[in-house]
Amino acid sequence: MCVTNKVISTPYIDVNMDIPESHPRYISLKTRQKLVEGVEKGITSKAGLIAHGRGEALDYMIGEETIEPALKAERAAVRAILDADDPVISVNGNVAALVPGEIVALSNILKAKLEVNLFHRTDERIDRIIKWLKEHGAEEILGDEPDAEIPGLDHARALCASEGIYTADVVLVPLEDGDRAQALSKMGKTVITIDLNPLSRTSRTADITIVDNIVRAVPMMIELEPLDSAFDNDENLADVLEHMSKRLLLQAGELS
Ligand code: PTJ
C-alpha cells in the first residue's frame with residue numbers, strides 16, 4: 001500500500017467535463033455547468049449555486065416541465081409587459097449565466113429595458129454582467145450608474161437606475177429575494193417573477209408568478225401569445241401546489 005500525505009487536487013466531480021447527451025440528467029447537468037462557469041467568470045455569486053440547488057429540488061417535484069399554470073402565468077407576463085408604459089427586466093448573476101441570449105431577445109421582442117440589479121452587489125460583477133450581455137447582443141443595459149434607491153431596502157441592494165427600475169411601471173424580477181419584490185410592490189409597480197418556489201415570499205408578493213425553471217420560461221415567453229383573459233396570481237399558485245401535491249401522492253401510491 002502506498003501511503004502519501006500529498007493533497008490530491010483532482011476534484012471528485014469535474015463540473016467542466018463533457019457531459020454525454022445520452023446522460024439521463026443531461027439538461028440538468030448542463031444547466032449546473034453554466035452556473036459554475038458563471039462563478040468562474042465572476043458573473044454569478046457563489047450563493048447563486050445554492051439558490052439554484054433549491055430551485056432544482058422544487059423543479060424535481062414539479063416534474064421538470066412547464067406545467068399549465070406556468071404557461072398561463074408566462075402568457076399573463078407577456079401581456080403585462082406589452083401593455084406597460086415603461087417595462088424593465090432585472091438581471092442578476094444567475095439569470096445572466098443561464099439565459100444571457102434569451103433574456104436579451106426577450107427584452108427586444110417585448111421592448112423592455114434591461115437593468116442589472118444584484119443582491120450581492122459589487123461594481124465589478126455589474127460591469128462583467130453588462131459586458132457579457134453585450135456579447136450576447138444587448139445594446140443598452142442599465143445598472144452601472146445607479147442614481148436612485150428603492151425605498152425600504154438597505155443601501156447596496158436598493159441601488160437602481162432612475163430611468164430603469166425606479167420609474168418602471170412593470171418590472172420582471174426573476175429569481176429574486178422577497179424583500180426587493182415587496183419593496184418594488186410597495187412602490188406601486190406591477191411585479192412579475194420567475195421562481196420555482198411557489199411558497200417563497202417573492203412568489204406570494206408578485207402580481208404574476210411564473211413557477212417554472214428560467215431555462216424553460218424565458219425561451220417560452222419569446223414564443224407565446226399574450227394572455228387575453230383575467231389572471232389571478234393566488235389562484236394560479238394554488239393550481240401549482242395542487243399539481244405538486246397530486247404528483248407526490250401519485251409517486252407515494254406507486255411505492256405502497
Ligand atoms: O446575482 P445576485 O447577487 O443578485 O444573487 C442572485 C441570487 C439568486 C443568489 C439571490 O437573488 C438569492 O439569494 O435569491 P434567493 O433568495 O435564493 O431566491 C431565489 C429563488 O429562485 C428561490 O426561490 C429558488 O427556488 C428560485 N430558483 C433558483 N433557481 C431557479 C429558480 N427559479 C427558476 N429557475 C431557476 N433556475
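Residue numbers run from 1 in the order of the sequence given. Each ligand, and each atom within it, is numbered from 1 in the order the structure gives.
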Please determine whether a side-chain nitrogen of the Lys or Arg among [X] and [Y] lies less than 4.0 Å from a carboxylate oxygen of the Asp or Glu.
X      : Y      : answer
Arg204 : Asp234 : no
Arg75  : Asp228 : no
Glu135 : Lys131 : yes

Original post:
Does any N or O atom in Ala47 lie less than 3.5 angstrom from one in ligand 1, N or O only?
Top reply: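 In fact, backbone or side chain, Ala47 has no N or O that close.
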Original post:
Hey, is ligand 1 close enough to Leu118 that some N/O pair sits below 3.5 Å?
Top reply: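 N/O-N/O distance under 3.5 Å: no.
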**OP:** Following the transitive rule for hydrophobic clusters with a side-chain heavy-atom cut-off under 4.5 Å over Ile, Leu, Val, Met, Phe, Trp and Tyr, establish whether Val104 and Ile81 coincide in one cluster.
**Re:**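 Both belong to a single hydrophobic cluster.
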Subject >> Val99 reachable from Leu196 in the ILVMFWY side-chain graph, under 4.5 Å edges >> reply: no
Tell me, which protein residue and heavy-atom name are nearest [atom], and how many Å apart are they?
atom                    : result
atom 10 (C) of ligand 1 : Phe119 CB, 4.1 Å
atom 15 (P) of ligand 1 : Arg54 NH2, 3.6 Å
atom 28 (C) of ligand 1 : Ala51 O, 3.1 Å
atom 5 (O) of ligand 1  : His120 ND1, 3.6 Å
atom 35 (C) of ligand 1 : Asn213 OD1, 3.6 Å
atom 1 (O) of ligand 1  : Gly93 N, 2.8 Å
atom 14 (O) of ligand 1 : Leu175 O, 4.1 Å
atom 22 (C) of ligand 1 : Asp195 OD1, 3.6 Å

Original post:
Pick one: which of Ile141, Leu142, Ile89 meets side chain to side chain contact (heavy atoms under 4.5 Å, CB included) with Lys113?
Top reply: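 Single pass found, and it is Leu142.
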Subject >> Between Asp207 and Thr190, a side-chain donor and acceptor under 3.5 Å >> reply: no
Original post:
Between Ser200 and Ser203, is any side-chain donor less than 3.5 angstrom from a side-chain acceptor?
Top reply: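 There is such a pair (donor and acceptor under 3.5 Å, judged by atom type) between the side chains of Ser200 and Ser203.
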What atoms of ligand 1 come closer than 4.0 angstrom to any heavy atom of [X]?
X      : answer
His52  : 28 (C), 29 (N), 36 (N)
Asn197 : 23 (O), 25 (O)
Gly48  : 9 (C)
Arg125 : 1 (O), 2 (P), 3 (O)

**OP:** Please determine which of Thr193, Asn236, Asn233 meets the side chain to side chain donor-acceptor pair (under 3.5 Å) test together with Thr209.
**Re:**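 Of the listed options, the one satisfying the test is Asn233.
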Subject >> Exercise check, heavy-atom protein proximity under 4.0 Å to atom 33 (C) of ligand 1 >> reply: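 When distances to the protein are checked, atom 33 (C) of ligand 1 has a heavy atom within 4.0 Å.
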**OP:** May I ask whether Asp212 has any heavy atom positioned less than 4.0 angstrom from an atom of ligand 1?
**Re:**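 It does; at least one heavy atom falls under 4.0 Å.
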**OP:** Please check if the side chain of Asp239 supplies one atom and the backbone of Pro69 the other of a donor-acceptor pair under 3.5 Å.
**Re:** no
